[in-house]
**Student:** 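Mind looking over this structure? Questions follow.
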Protein chains: 2
Amino acid sequence: MAPATVPALALHQRIRSDIEAKILSGEWGPGHRIPFEHELMAQYGCARMTVNKVIAGLAAAGLIERRRRAGSFVAQPRIQSAVLQIPDIPQEVTGRGAEYGYELIFRRRRRTGPRDPLASELPAGTDVLDLRCRHLADGKPFALEDRLIALAVVPEAAETDFSTVPPGSWLLGHVPWTEAEHRISAVGASLREARELELPRGAPCLCLERRTWRGADTITYARQLFRGDHYNLAARFSPQG
Amino acid sequence: MAPATVPALALHQRIRSDIEAKILSGEWGPGHRIPFEHELMAQYGCARMTVNKVIAGLAAAGLIERRRRAGSFVAQPRIQSAVLQIPDIPQEVTGRGAEYGYELIFRRRRRTGPRDPLASELPAGTDVLDLRCRHLADGKPFALEDRLIALAVVPEAAETDFSTVPPGSWLLGHVPWTEAEHRISAVGASLREARELELPRGAPCLCLERRTWRGADTITYARQLFRGDHYNLAARFSPQG
DNA sequence: ACGGCTAATATGTATAGACATTTAGTCGAC
DNA sequence: GTCGACTAAATGTCTATACATATTAGCCGT
């Protein structure tokens, strides 16, 4: 029987990982000119389309920059860019083996005012759903969430009572979004927050604020407050994704 | 004079943005099968390589998934993945128009022990440089930094005194890294930390821990403590990069 | 009804060539 | 020398074709 053909990475994958290895090992530092397409073509004995596809892919991934006539260069590493995984809270809780619990504290429909967190995005008087809820892990308070949902953009939210489904999970499954913004800070728990999280007043909490858009429309604002002693955000990453 | 030829996006760009628009507008929701290559080929009157390149690019970007024989499908949006920009501190401070100041609190060379933050990465007894420093904005304490640098991997660090250059900036410019891990949490300032940051004891601070590797070697560990009232991390991002 | 074979289908990979576009670098005129 | 125009070099885009490979629908026999 003929020897089984080795899976042998596709040629373009081999070329790509060769180049990535050179870059990631530091052998080709930032600014280094990588071989011209015709050189790689000769080196690997393949057509230009093949190396072109590879290098275009590396450029799309931000690993290299291309300049006509000049060549292709290893990109300057971006200062620090981390891909933070921020799953929704039920998933986060069950992911650590705890039992997830959820409580709706209030749900009301109102119009935005001039001091709302969304005031800069939504004109005052916009119809929103205003929710507050509490996430529990093994029966103990884990996070508080304040949430505003723009009803003009997500009218179905008005018919959802959110007494059993957390708004974050519901929105993820119902509304496609195109852009979001996070803000992460450390704050001391207010009197009310401390009570709702069963912490002493002023206890350090991780505060995650998120605004989400769909095209030009603001969809939602969320402020999640996590017990500092029970939660942290972790991210593992490479220089350029 | 003949009308100037409109810049007219390259065909593959037009195809790509057409498809992206359909996906981002929600018209083609997650799981929707996008037209087969041969259909797009007919629709745009082009060669298969052209649509193939487009769709392969969308797949590489995570916007769609491809299954042989079945077709190409709009991907489920990934839970939440944010690209966090975390520039080094001098840049951060001057970027907000404040004057940056830096103070080295101590610098000593020692061997790691069993309870070091790097204990799981470095065997006890590894030679490290142990630094503590303080970052100031307009003369006021802004952040505290504890830093360990593995001297076996970065021997040049032993000859650097770090009395004027922050270790983070120095490392960024001297050592290529291949992987890093962040951990973001909220903590209350200890007595010493409170004194060094000129805060009341227990004041909420944002704590950013970072471990950095080069290949299999651990390069450095940093723990940066920011005044909660003066600092937050912000990120703006799209569903799939 | 069930299980396995087969053939059709859509993507995956690659080629060789063509022409367009941008721009670094050269060379010449002033 | 300086500023321009020109040229050649490298990437950008696209075509038409070919064959490989994975997957599944459907056929077929039991």
Side-chain angles (χ1 to χ4, degrees), chain A residues 1-20 22-23 28 30-76, chain B residues 1-20 22-23 28 30-76:
Chain A
M1 175 178 168
T5 55
V6 212
L9 285 178
L11 179 55
H12 75 268
Q13 289 179 39
R14 199 160 70 80
I15 301 176
R16 174 151 183 165
S17 47
D18 284 357
I19 296 177
E20 281 181 337
K22 288 262 202 320
I23 295 176
W28 290 350
H32 180 277
R33 209 208 78 226
I34 75 169
F36 295 125
E37 292 191 355
H38 68 263
E39 293 172 325
L40 290 169
M41 202 174 145
Q43 180 180 339
Y44 289 95
C46 65
R48 187 164 78 95
M49 270 300 288
T50 306
V51 305
N52 180 10
K53 195 171 179 177
V54 169
I55 304 193
L58 288 167
L63 219 61
I64 67 175
E65 284 173 9
R66 313 199 73 185
R67 293 210 311 278
R68 274 178 155 138
R69 168 65 214 249
S72 303
F73 302 82
V74 176
Q76 299 295 327
Chain B
M1 175 180 169
T5 54
V6 211
L9 285 178
L11 178 55
H12 74 268
Q13 289 178 38
R14 200 161 68 83
I15 301 177
R16 174 152 182 163
S17 46
D18 283 356
I19 296 177
E20 281 181 337
K22 287 263 203 315
I23 295 176
W28 290 349
H32 181 276
R33 209 209 76 226
I34 75 170
F36 295 126
E37 292 190 356
H38 68 263
E39 292 172 325
L40 290 168
M41 201 176 146
Q43 180 179 338
Y44 290 95
C46 64
R48 186 162 81 95
M49 271 301 290
T50 306
V51 305
N52 181 2
K53 193 171 178 178
V54 170
I55 303 192
L58 288 168
L63 219 62
I64 66 175
E65 283 172 10
R66 313 199 72 185
R67 293 210 311 277
R68 276 181 156 139
R69 167 66 214 249
S72 303
F73 302 83
V74 176
Q76 300 295 328

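Letters go in sequence order (proteins before strands), and every chain restarts at 1. Atoms considered below: every heavy atom in the structure, side chains included; atoms not considered: hydrogens, waters and symmetry mates.
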**Student:** Taking the side chain as every heavy atom from C-beta outward, state whether A:I55 and A:I15 have any pair of such atoms under 4.5 Å apart.
**Tutor:**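 A:I55 does not reach A:I15 side chain to side chain.
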**Student:** Taking NE2 from B:H12 and C1' from C:dT21, how many angstroms apart are they, rounded to a whole number?
**Tutor:**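 Result: 14 Å.
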**Student:** Rounding to a whole Å, what distance do you find between A:K53:NZ and C:dT15:P?
**Tutor:**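 Between P of C:dT15 and NZ of A:K53: 12 Å.
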**Student:** Nearest to the side chain of A:F36, which nucleotide is it out of D:dA10, C:dG17, C:dA14?
**Tutor:**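 Ranking D:dA10, C:dG17, C:dA14 by closest atom to the A:F36 side chain puts D:dA10 first.
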**Student:** Where the side chain of B:C46 is concerned, which of C:dA14, D:dT15, D:dT21 is the nearest nucleotide?
**Tutor:**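 Closest nucleotide among those given: D:dT15.
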**Student:** With a non-hydrogen cut-off below 4.0 angstrom, is B:E65 in contact with a base, only sugar-phosphate, or nothing?
**Tutor:**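 Here B:E65 touches no strand at all.
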**Student:** From the set C:dA24, C:dT21, D:dA10, return the single nucleotide nearest to any side-chain atom of A:H38.
**Tutor:**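 For the A:H38 side chain, the nearest candidate turns out to be D:dA10.
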**Student:** Applying a 4.0 Å non-hydrogen cut-off, can you work out what A:E39 is touching in the nucleic acid: base, sugar-phosphate, or nothing?
**Tutor:**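 Nothing, no nucleic acid heavy atom in range.
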**Student:** Verify side chain to side chain contact (heavy atoms under 4.5 Å, CB included) between A:I23 and A:I64, making sure each step is shown before the conclusion.
**Tutor:** CA-CA 9 Å; A:I23 295 176; A:I64 67 175; 3.8 Å; yes
**Student:** For residues A:R16 and A:G57, report the shortest heavy-atom separation together with the two atoms involved.
**Tutor:**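 Heavy atoms only, the tightest pair is NH1-C, 3.8 Å.
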**Student:** So does B:T50 get a side-chain nitrogen or oxygen closer than 4.0 Å to the phosphate oxygens (OP1/OP2) of D:dT15?
**Tutor:**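 For D:dT15, OP1 or OP2 has a side-chain N or O of B:T50 closer than 4.0 Å.
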**Student:** Looking at C:dT13, I'd like to know if its phosphate oxygens (OP1 or OP2) sit under 4.0 Å from a side-chain N or O belonging to A:Q13.
**Tutor:**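 So the side chain of A:Q13 is within the cut-off, an N or O lying under 4.0 Å from OP1 or OP2 of C:dT13.
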**Student:** Note the angle between the end axes of the helix from C:dA1-D:dT30 to C:dC30-D:dG1, five pairs defining each, rounded to 10 degrees.
**Tutor:**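 Axis angle across the helix from C:dA1-D:dT30 to C:dC30-D:dG1, nearest 10°: 0°.
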**Student:** OP1, OP2 of D:dA10 versus side-chain N and O of A:S72: anything below 4.0 Å?
**Tutor:**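 So the side-chain polar atoms of A:S72 never come under 4.0 Å of the phosphate oxygens OP1 or OP2 of D:dA10.
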**Student:** For the residue pair A:F73 and A:H32, establish whether any side-chain heavy-atom pair is separated by less than 4.5 Å.
**Tutor:**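 No - every pair of side-chain heavy atoms lies 4.5 Å or more apart.
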**Student:** Quick check on DNA chain C: between A:R48 and B:R68, whose nearest nucleotide comes earlier from the 5' end?
**Tutor:**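 Looking at DNA chain C, the more 5' nearest nucleotide goes with B:R68.
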**Student:** Throw together a table of side-chain donor-acceptor distances under 3.5 angstrom for residues 38-47 of chain B, partners on residues two or more places apart or in other chains.
**Tutor:**
{"unit_1": "B:E39", "atom_1": "OE1", "unit_2": "B:R33", "atom_2": "NH2", "d": "3.3"}
{"unit_1": "B:E39", "atom_1": "OE1", "unit_2": "B:F36", "atom_2": "N", "d": "2.7"}
{"unit_1": "B:Y44", "atom_1": "OH", "unit_2": "B:D18", "atom_2": "OD2", "d": "2.6"}

**Student:** Using whole Å, report how far CE of B:M41 lies from C1' of D:dT13.
**Tutor:**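 Whole-Å distance recorded here is 16 Å.
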**Student:** Grab the CG-P distance between B:L11 and D:dT15 for me, whole Å please.
**Tutor:**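 The answer, rounded to whole Å, is 6 Å.
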**Student:** Hey, is B:E37 close enough to B:R66 for a salt bridge, meaning N to O under 4.0 Å?
**Tutor:**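 Salt bridge present between B:E37 and B:R66.
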**Student:** Does A:L63 reach the side chain of A:V74, with side-chain heavy atoms less than 4.5 Å apart?
**Tutor:**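 A side-chain contact under 4.5 Å is absent here.
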**Student:** Counting side-chain heavy atoms from CB outward, which of D:dC14, C:dG25, C:dA8 is closest to B:R69?
**Tutor:**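 Shortest atom-to-atom distance from the side chain points to C:dA8.
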**Student:** Closest heavy-atom contact between A:E20 and A:L58?
**Tutor:**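 So the minimum-distance heavy-atom pair works out to CG-CD2, 3.7 Å.
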**Student:** Side chain of B:N52: nearest nucleotide among C:dT11, C:dA24, C:dT13?
**Tutor:**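 In terms of side-chain proximity for B:N52, the closest of C:dT11, C:dA24, C:dT13 is C:dT13.
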**Student:** Once you round it to whole Å, what is the distance between C1' of C:dT21 and CD of A:E37?
**Tutor:**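 After rounding, the reported distance stands at 14 Å.
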**Student:** Between A:I55 (CD1) and D:dT13 (P), how many Å, whole number?
**Tutor:**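 Value for this atom pair: 14 Å.
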**Student:** Nearest whole angstrom, please: distance from the P of C:dA24 to the CZ of A:F73.
**Tutor:**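 The answer, rounded to whole Å, is 9 Å.
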**Student:** By nearest atom, which of the nucleotides C:dT15, D:dG12, C:dG12 is closest to the B:R66 side chain?
**Tutor:**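 For the B:R66 side chain, the nearest candidate turns out to be C:dG12.
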**Student:** Counting heavy atoms from C-beta on, name the nucleotide in C:dT15, C:dA14, D:dA22 closest to the side chain of A:M49.
**Tutor:**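 Taking heavy atoms from C-beta onward, the closest nucleotide is C:dT15.
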